[in-house]
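Working notes, beginning with the structure itself.
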Amino acid sequence: MHQRQILANLLRSCSKNLTLDKGLKSHGAVLRMGFACDLMLNNDLINMYGKCGKIGSAYDVFEKMPERNVVSWTALMCAYLQNGNAQKCLSVFCQMGASDSKPNEFTFSTSLKASGALGIVEYGMQIHGLCAKSGFETVIVVGNSIVDMYAKCGRIAEATLMFEAMAVKNLITWNTMIAGYTVEENGKRALLLFREMQEQGEVPDEFTFTSALKACSGLGAVQQGSQMHAFIITRGFTYDAQTMVAGALVDLYVKCRRLFEARRVFEQIKQKNIISWSSLILGFAQEGDLEEAMNLFKRLRVNARHKLDGFVLSSLIGVFADFALVGQGKQIHALSTKIPSGLDISVANSILDMYLKCGDPDESERLFNEMPAKNVISWTVMITGYGKHGLGGEAVRLFNKMRSDNIEPDSVAYLAVLSACSHSRLIKEGQEIFSRLCNDRRLKPKVEHYACMVDLLGRAGRLEEAKNLIMNMPLKPNIEIWQTLLSACRIHGGIELAREVGEIILRLDGDNTVNYVLLSNIFADAGNWKEGERLRKLVKIKGLKKEAGRSWVEVDKEVHFFYNGDDSHPLTEKIHEVLKEMEKRMKAEMGYVPGLRFALHDVEDESKAESLRVHSEKLAIGLALVHGRLEEKKIIRIFKNLRVCGDCHLFIKGLSKVLKVVFLVRDANRFHKFEDGLCSCGDFW
DNA sequence: CTAGGGTTAG
């Protein structure tokens with residue numbers, strides 16, 4: 001056989017098997033044998049380097065080629081796309097337009113995929129236009145790519161139009177459209193199409209099932225999902241190797257909170273991939289079954305350590321951060337220092353976040369300073385954390401330092417620092433940063449940024465200014481920004497404005513309890529009990545529900561959760577005893593009066609009867625006291641999913657004085673550090 | 001050289 005053909009075959013096998021070392025040797029051979037200018041071999045080299053992740057080498061080959069054809073251009077585009085640089089892929093496509101080579105169906109398909117990956121429909125539409133003009137629109141591969149592009153850009157209507165216009169369809173066409181519909185709101189359409197394709201005589205394959213299952217899990221339709229599961233089994237699919245279908249089934253059952261079923265499918269997979277592992281582990285963790293989650297994680301660590309990647313580590317750390325389980329978090333932190341993916345910046349960032357959320361900003365700061373490489377998220381994590389710890393000044397300092405470190409703040413970073421300012425009541429600083437945002441040519445302030453400013457002004461009592469900001473902003477105000485203003489009205493007793501804003505809010509969303517509760521609190525506050533009571537009744541009639549308040553505390557490495565009025569804990573009696581005793585001591589020593597006023601304020605209380613029951617955060621504290629050896633300055637950490645209630649706030653302040661103990665309470669909004677009768681939030685919780 | 005799933009951290 002011709003030497004040239006042998007080299008070509010060699011290179012193609014390297015591309016297929018991702019064997020870079022062999023590829024490099026073959027490249028050497030190509031040069032030695034005098035094929036440096038060979039068009040076909042160079043094309044194969046570009047492809048090989050692209051597949052092996054050596055995008056720089058791919059470009060070098062392309063650059064040195066004396067002549068290029070459409071395959072050379074397309075191979076380079078693919079190389080960029082496969083290495084995660086869709087933008088570059090498209091710019092090569094543009095450069096190609098100025099060359100002698102004309103795009104073919106491969107080129108169009110690749111450029112459409114890049115547009116979809118970027119999610120920029122304008123690019124995709126232009127390319128669609130070019131396809132139509134050059135007659136490639138009717139080539140089925142290109143048509144499929146166009147449908148996919150529109151779907152990926154969130155243009156379901158355009159995708160549907162294209163799909164319906166395609167005279168000839170194949171299985172991939174159907175699969176692409178079904179996958180496109182597999183977004184929450186379109187899950188039903190996905191399932192309808194799934195049925196329709198079978199009526200048209202198409203036979204679903206594993207791609208089809210994967211999408212259809214995903215549609216079920218998006219809809220929370222566990223019934224339909226299990227039916228499909230049965231159907232899949234009758235079609236003879238097995239889970240010997242990790243199939244996409246098995247992964248989708250695990251995911252379906254996890255999302256529908258059927259952990260038992262999820263595990264059953266998972267255990268049948270002989271070669272489990274990392275996504276199924278992480279899906280199941282996170283499933284257990286998010287259900288609060290941390291023991292099971294940790295057992296699975298241990299198994300993963302022992303049996304398939306090499307499979308651990310940054311995704312699993314950072315998401316698992318994220319769960320521990322949310323539950324504030326610093327012990328488990330530390331375990332993974334320790335592990336991450338021993339494996340390669342522990343060096344991922346996302347893992348480092350999640351560790352920073354974990355220590356901050358667990359109430360240890362010093363540890364985060366230490367790690368942050370040691371990080372060899374930081375990205376905008378690293379900075380934002382720190383700024384957000386400082387903000388929640390009431391360290392607004394630190395947050396602002398870091399925000400400014402970030403720029404001198406050549407990292408440009410993005411929209412989220414601005415939001416973090418503005419929110420830190422509003423929590424620490426740094427009005428001047430907040431206004432300066434906001435005006436910087438307005439002058440930043442890269443970014444436009446979003447409603448959320450305005451909401452921060454409304455909060456900042458509102459908390460300072462500048463209600464009219466806050467209102468004018470909303471009225472004059474160039475964006476459509478959403479319900480949240482009005483709620484922010486309403487809260488400010490409550491703090492400062494702006495009853496007239498509250499009535500005005502309240503009407504706007506109820507018009508926008510009359511189905512949300514929070515609005516009624518907030519409004520009725522304001523009226524009750526101002527002594528307008530009748531109006532308050534009327535709104536409260538409305539809530540009852542509508543039967544509106546909201547998230548149940550839940551607090552927890554870690555005692556002896558075990559986490560105990562409490563709901564309001566929860567008496568399921570084995571030590572309930574002792575908890576009540578100690579709480580009563582504390583109340584007595586506080587009454588005697590510092591004239592504490594239970595905050596009746598706050599019983600009404602409490603955002604999660606819906607009736608007086610309920611407010612008499614014991615709040616979850618008090619129960620958690622009670623348990624800590626029952627268990628704890630209370631040395632002076634000992635820190636007790638309590639966590640709550642919603643905001644801490646006013647009476648509890650008062651109660652904990654008193655406790656910190658009487659017992660000389662420090663309480664660190666993390667609620668939905670921020671951290672409260674109670675020390676010697678005072679709270680770090682200055683009562684503006 | 002091309003089309004379909006699963007995508008972490010603020």
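No hydrogens, no waters, no symmetry mates; every other heavy atom, side chains included, goes into these values. Lettering of chains follows the sequences in order, A, B, ..., and the numbering in each one begins at 1.
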Looking only at the side chain of [X] (C-beta and beyond, no hydrogens), which of the listed nucleotides [options] gets closest?
X	options	result
A:F311	B:dT7, B:dG6, B:dG10	B:dT7
A:N47	B:dG10, B:dG4, B:dC1	B:dC1
A:V376	B:dG6, B:dA9, B:dG10	B:dG10
A:I172	B:dC1, B:dG10, B:dA3	B:dA3
A:N104	B:dC1, B:dG10, B:dT2	B:dC1
A:I377	B:dG10, B:dT8, B:dT2	B:dG10
A:S109	B:dG4, B:dG10, B:dT2	B:dT2
A:A75	B:dG4, B:dC1, B:dA3	B:dC1
A:D44	B:dC1, B:dG10, B:dG4	B:dC1
A:D410	B:dG10, B:dT2, B:dG5	B:dG10

Give a yes/no verdict on a cation-pi contact between A:K270 and A:Y239, requiring under 6.0 Å between NZ or CZ and the six-membered ring centre and an angle within 45° of the axis.
-> no
What contact category does [X] fall into here, base, sugar-phosphate, or nothing, at under 4.0 angstrom with non-hydrogen atoms?
X	value
A:D205	base
A:N273	base
A:V412	base
A:A179	sugar-phosphate
A:K388	nothing
A:G318	nothing
A:N170	base

Under the 3.5 Å rule, do the base of [N] and the side chain of [X] count as making a donor-acceptor pair?
X	N	value
A:N144	B:dG4	no
A:T210	B:dG5	no
A:S314	B:dT8	yes

Flag, side chain of A:S424 to backbone of A:G392, donor-acceptor distance under 3.5 Å | yes
Note: A:D251-A:K214 ion pair, threshold 4.0 Å (strictly below) | no
Can you tell me the distance, in whole Å, between the [atom1] atom of [X] and the [atom2] atom of [N]?
X	N	atom1	atom2	result
A:I317	B:dT8	CD1	P	15 Å
A:L398	B:dG10	CG	P	17 Å
A:M177	B:dA3	CE	C1'	15 Å
A:I55	B:dC1	CD1	C1'	13 Å
A:L282	B:dA9	CG	P	9 Å
A:M77	B:dA3	CE	P	12 Å

Quick one: sort the A:F136 and A:F108 rings into parallel, tilted or perpendicular, breaks at 30° and 60°.
-> tilted
Take atom CZ in A:R195; do more than 12 heavy atoms of anything else shown fall under 6.0 Å from it?
-> no
Within 6.0 angstrom of A:K307 NZ, more than 12 heavy atoms from elsewhere = yes
